[in-house]
Amino acid sequence: MSISQIGRSISESATLKLNETAAILRAKGEPVIHLGGGEPKSKPPIDALVTASALLGSGELRYTPADGIPALKKAVIRYTEEYYERHVEPENVICSGGAKQAIMVALQAILNPQEEVIFPAPYWVSYPEMAKLCGAVGVPVYPSDGSFYPRLADIEQKVGPYTKAVIINSPNNPTGAMYSEQFIAEIVEFCEKRGLYLIMDDIYHRLIFDGRQPINCYKYAKDLSEDSRLIVVNGVSKQYAMTGFRIGWAIANRNLVRVMTNIQSHQTSGPSVLCQQAAVGALTGVQSSVESLRVTLENNRNVLVDRLKTFRGVKVHKPDGTFYCFADFSAYNKSSQKLAQLLLEKVRVLVMPGVEFGMDGYLRISFCGTVKDITEGIERMKWVLDPEAPNELYIGNRKLVRDW
Ligand SMILES: Cc1ncc(COP(=O)(O)O)c(C=O)c1O
């Protein structure tokens, strides 16, 4: 079989693979606790469901413009005014099949083969693969101070003649770290000065804790003209618990949006009209579900962090936002893959190995599930890892005896 170089270079999504393993185990009746997920368990806003149902009832489900239906663009423009204090035109907006596709078409529109895109590590699993899909190269930057907060000096060191773009994801998947306002100001200014594209992946920007407020990158941009290389990405997946609807968007200069639209038009055409209407419902309807999700997540975070602190040797960074905690388990095993495998095998707890996000020895533990799942999951993990834990553990009425 002859497979392309790009095809061969793309690795399987480890996160999706683990999800699949967990689903197979569950189907066999195994009591799996899923602490690996990347989606809130709450229902989408009622307005999203009602709007989509009305359209479904009408049977009028047709192709849409490749860059999105006018009603969704209008809602995104309003959203941008509210959260970014910036007025943009419909020509500055592209609606895509999730924030993932918005980022992908942006990269396809700007990257030539061999060019480089920089992102702080640990990073979202898809960034390196997306760069490869463009024939380009992803360049992770590890903060020199060992923290989860990148510094401009570290990024600057990696910028070379091939650098075309920087991706910033704050608050961050997998660490939950929200970068400082000062860092955002510096990176916006730096990219402008160096003529680099800056993609702000703001998909978690409203899911933040301890009284923090979303950061508006435009505040620090000097060039807000149609030459601006700032691209802001967002979507309904996380904040509105609408992962399955696959709607995201990007705001950029109109030339770039035109090129992205051309690419998207041949790739997938416009996103499903049903899902776009649902997104309109979510964005224009009652907003209380976002705050209620945020409060639930903050509470879940507190529960998880408190429990993790009871592990001897585990280093925990309290997440500032998102629904992920990235904890250092290297005291137990330097291989995060082996550790994740062990936890799934022995106690049916699913967590994501840090190596997939560019940092081995860490585990990404999601707190988007129930408090019961978090407490039970952590109790099981402790039983596996803590030599001082009792020899036996009950999962339902199944008795486990430690055999290692
Ligand atoms: C950092 C980051 N960006 C983008 C996405 C993609 O979101 P969407 O579901 O809108 O494609 C995700 C989803 O996990 C993510 O974690």
Side-chain angles (χ1 to χ4, degrees), residues 13-19 34-42 44 48 68 72 76 79 93-107 117 119-131 133 138 140 148 150 165-179 198-208 214-215 231-251 260 264 267-268 271-272 275-276 278-279 282-283 290 293 297 319-326 352 354 356-359 364-369:
S13 163
T15 49
L16 294 186
K17 173 82 188 154
L18 268 167
N19 284 340
H34 201 324
L35 300 181
E39 52 189 348
K41 290 289 172 285
S42 49
L72 181 53
V76 168
Y79 186 92
V93 180
I94 176 170
C95 305
S96 300
K100 187 178 256 178
Q101 189 183 23
I103 298 168
M104 189 65 231
V105 289
L107 292 176
V117 52
F119 37 80
Y123 45 77
W124 182 39
V125 284
S126 290
Y127 296 148
E129 306 307 298
M130 285 173 159
L133 280 170
F148 292 151
V166 175
I167 308 179
I168 295 297
N169 169 224
S170 170
N172 175 266
N173 176 4
T175 65
M178 180 171 167
Y179 305 159
L198 174 59
I199 301 177
M200 297 295 297
D201 180 350
D202 277 1
I203 191 85
Y204 298 100
H205 79 148
R206 288 166 77 192
L207 302 179
I208 50 182
I215 295 176
I231 304 166
V232 176
V233 174
N234 220 315
V236 295
S237 285
K238 313 290 180 175
Q239 54 182 326
Y240 294 103
M242 289 173 67
T243 45
F245 288 77
R246 312 304 310 125
I247 297 294
W249 60 82
I251 309 288
M260 288 165 69
Q264 189 163 287
Q267 210 169 57
T268 55
S272 150
C275 297
Q276 290 192 68
L283 288 167
V290 183
L293 172 62
L297 293 175
D320 308 320
T322 72
F323 34 75
Y324 311 109
C325 182
F326 203 58
M352 291 297 167
E356 302 299 336
F357 305 89
M359 270 197 186
R364 190 193 76 174
I365 305 171
S366 298
F367 49 91
C368 51

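When a ligand or atom number is given, it counts from 1 through the structure's own listing order. Counting from 1, the numbers follow the sequence of the chain as shown. Since we're looking at a predicted model, the values are computed, not measured.
- Taking every heavy atom of Arg246 and a limit of under 4.0 angstrom, the matching atoms of ligand 1 come to 8 (P), 9 (O), 11 (O).
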Evaluate the criterion side-chain hydrogen bond (donor to acceptor under 3.5 Å, both in side chains) for residue pair Tyr179 and Asn172; output intermediate values, then yes/no.
CA-CA 8 Å; Tyr179 305 159; Asn172 175 266; 3.3 Å; yes
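- The shortest contact between atom 7 (O) of ligand 1 and any protein heavy atom is with Ala99 CB, 3.8 Å.
- Ring geometry for Tyr127 against Phe119 counts as tilted: the plane angle lies between 30° and 60°, on a 0 to 90° scale.
- Looking at Lys238 against ligand 1, only its side chain comes within 4.0 Å, counting heavy atoms.
- Polar contact check, Gln101 against ligand 1: no nitrogen or oxygen pair lies under 3.5 Å apart.
- Within the structure, the closest approach of Thr243 to ligand 1 does not fall below 4.0 Å when heavy atoms are considered.
- Checked options Gln101, Gln264, Gln267; the residue passing with Ser96 is Gln264 (criterion: side chain to side chain donor-acceptor pair (under 3.5 Å)).
- Ligand 1 has at least one atom lying under 4.0 Å from a heavy atom of Gly98.
- Proximity to Asn169 (heavy-atom distance under 4.0 Å) selects the following atoms of ligand 1: 1 (C).
- Residue Ser237 touches ligand 1 through its side chain alone, judged by heavy-atom distances below 4.0 Å.
- For ligand 1 and Tyr204, the ligand atoms under 4.0 Å from any heavy atom of the residue are 1 (C), 14 (O), 15 (C), 16 (O).
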